[in-house]
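Step one of this worksheet: look at the structure below.
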2 protein chains.
Amino acid sequence: MYETLQFEHSSTVERVVDELRRALFDGELAPGTPLREVALADAIGVSRSTIREALGTLVAEGLAVRQPNRGVAVNSLKAADVRDVGKARAALETAGVQAWPTARASDKDALRRAFADYTRTAESGTNSSDLTAAHLGVHRALVGLTGSERLLAMADALAAEIRLALAHVARVRRNSGEQVAAHRVLLTLLEGGDVEAAVAELRDHLTHAETSMLEAIKRPRRRKADIQ
Amino acid sequence: MYETLQFEHSSTVERVVDELRRALFDGELAPGTPLREVALADAIGVSRSTIREALGTLVAEGLAVRQPNRGVAVNSLKAADVRDVGKARAALETAGVQAWPTARASDKDALRRAFADYTRTAESGTNSSDLTAAHLGVHRALVGLTGSERLLAMADALAAEIRLALAHVARVRRNSGEQVAAHRVLLTLLEGGDVEAAVAELRDHLTHAETSMLEAIKRPRRRKADIQ
DNA sequence: TACTGTCGGATTGTCAGACAATCCGACAGT
DNA sequence: ACTGTCGGATTGTCTGACAATCCGACAGTA
């Protein structure tokens, strides 16, 4: 009984983390920007302890980096990091695709839904941030095919890094229709049971994504912070 | 110049975390044991803030769990968790094995060294904790073949959970010579370039490991804490 | 000029103490 | 057997403090 009920317990720290994450993803804080404890505490209106804890989780999530005695700053992904994230993504998503034959029906459905969502978002031509989210959702669902929460959590961490990087990069302009088509191919191959081909398609897609991200990272979007 | 120099910066929090981790791995704190902030602060001789931060990282590492307003407790892995960790390990290590043909020479060497280490440790019949560490080292090196730091970090997190579970389980007694042999087979297949067979061997090995862990988890080692 | 020593301000790391909110178990009441 | 209430224990958050560390500027020296 009451299985559907849930109650959101949000601590102050959690809300601070959410707010900081949002600011990072929305590009309000450029990579490398130092996150000063007292300044943030004053700005947000909480104590330094709370900020400190929030910064700790941000660092744990890889969205920020801490240098001992010098504070934490917004993480800025170098080319090497992008490549590293690419390898990690490839590993996780390949595992998901390879698990298709033995995947739970619910996980397969989740993937189908994520793709449908992505298609719809792309067609309705909404905000690019939403599109990114929907796109990442498909890739997340791929990992979900493994049926492992831990792998999903790892995928989420990687996705967060990607979103952070994407927020500070000149618009990655690729034909979104073409993108959707590429994913549809992948899905179709899976539905047809051709795992081998799906893996190849995935690898191809990820390689393209990585090179275009590397390309984009070279020409960072001009921001206020740059000219101060 | 000076590239080889390094200086260890250890903060109080870090040392507390290390100490707690050690206690966890050595089985001094049974799964489920609550980690009270003030009690720990008194025991270790640091302030509550410091303990709090240390507990935060422990939770982030998955070694402990936090229930809002109820504090953190030593994580206790259920059967479902073991299976989940198993899937995650399989994904990461399979990725490593599949990356063998394109792996960096240094990473391959690291694997060879890890295996040599493992062999030596097994032969010299040392402490079982060291043997576990050496064994995990081999599996870590497998993931290392991917050349991704992030995947390595994920593997480390999984290894930590495994060590935690292993610390509170009736001795997993398997012929260690047989174990070493299984790994040797894997290595030999890789050196021979037969990735397919190596993947199969790995999958087999991991399945065995998982079932024996599931088996072991059912009969937890009797501890003082149990009879208090 | 290039390098080294020193100083002050800014910031972090850690501590101590406080208090409300929350949780838990016990106990009493129905 | 279920519900209401109370007190102690514990966490979540805040405030204030201070030493350690870092950074930039400035001066001194070869």
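In the text below, chain A, chain B and the rest are named by the order of the sequence lines, each starting its count at 1.
- For Arg48(A) against dG16(D), a side-chain-to-base donor-acceptor contact under 3.5 Å is absent.
- Residue His205(A) is tested with Glu210(A), Glu93(A), His139(A) for a side chain to side chain contact (heavy atoms under 4.5 Å, CB included); the sole match is His139(A).
- For an aromatic pair to be called close, the ring centres must be under 6.0 Å apart, and His183(B) with Tyr118(B) satisfies this.
- Considering only residues two or more places apart in sequence or on other chains, Arg113(A) meets the salt bridge (charged side-chain N to carboxylate O under 4.0 Å, His left out) condition with none of them.
- A donor and an acceptor atom never sit less than 3.5 Å apart when one is taken from the side chain of Arg52(A) and the other from the base of dT13(D).
- Between Thr12(A) and dT13(D), a side-chain N or O to OP1/OP2 separation shorter than 4.0 Å is present.
- The salt bridge (charged side-chain N to carboxylate O under 4.0 Å, His left out) test with Arg21(A) is passed by exactly one of Glu14(A), Glu61(A), Glu28(A): Glu61(A).
- Stem analysis of DNA chain C (at least three stacked-register Watson-Crick or G-U pairs, each with both distances under 3.5 Å) gives C:1-30 with D:1-30.
- Protein atom CD of Glu37(A) is 17 Å distant from nucleotide atom P of dG16(D), rounded to whole Å.
- Scanning all heavy atoms of the two residues, the minimum distance from Ala91(A) to Ala95(B) falls at CB-CB, 3.6 Å.
- Counted by atom type alone, Thr121(A) and Asp130(A) present zero donor-acceptor pairs between their side chains at under 3.5 Å.
- The closest donor-acceptor contact from the side chain of Thr211(A) to the backbone of His208(A) lies under 3.5 Å.
- Of all nucleotides in DNA chain C having an atom under 4.0 Å from a heavy atom of chain A, the first and last in 5' to 3' order are dT11(C) to dC23(C).
- Within the 4.5 Å cutoff, the side chain of Arg150(A) has heavy atoms near those of the Glu161(B) side chain.
- Nearer the 5' end of DNA chain D, as judged by each residue's closest nucleotide, is the contact made by Arg70(B), out of Thr50(A) and Arg70(B).
- For the pair Ser49(A) and Gly71(A), both in contact range of DNA chain C, the more 5′-proximal nearest nucleotide belongs to Gly71(A).
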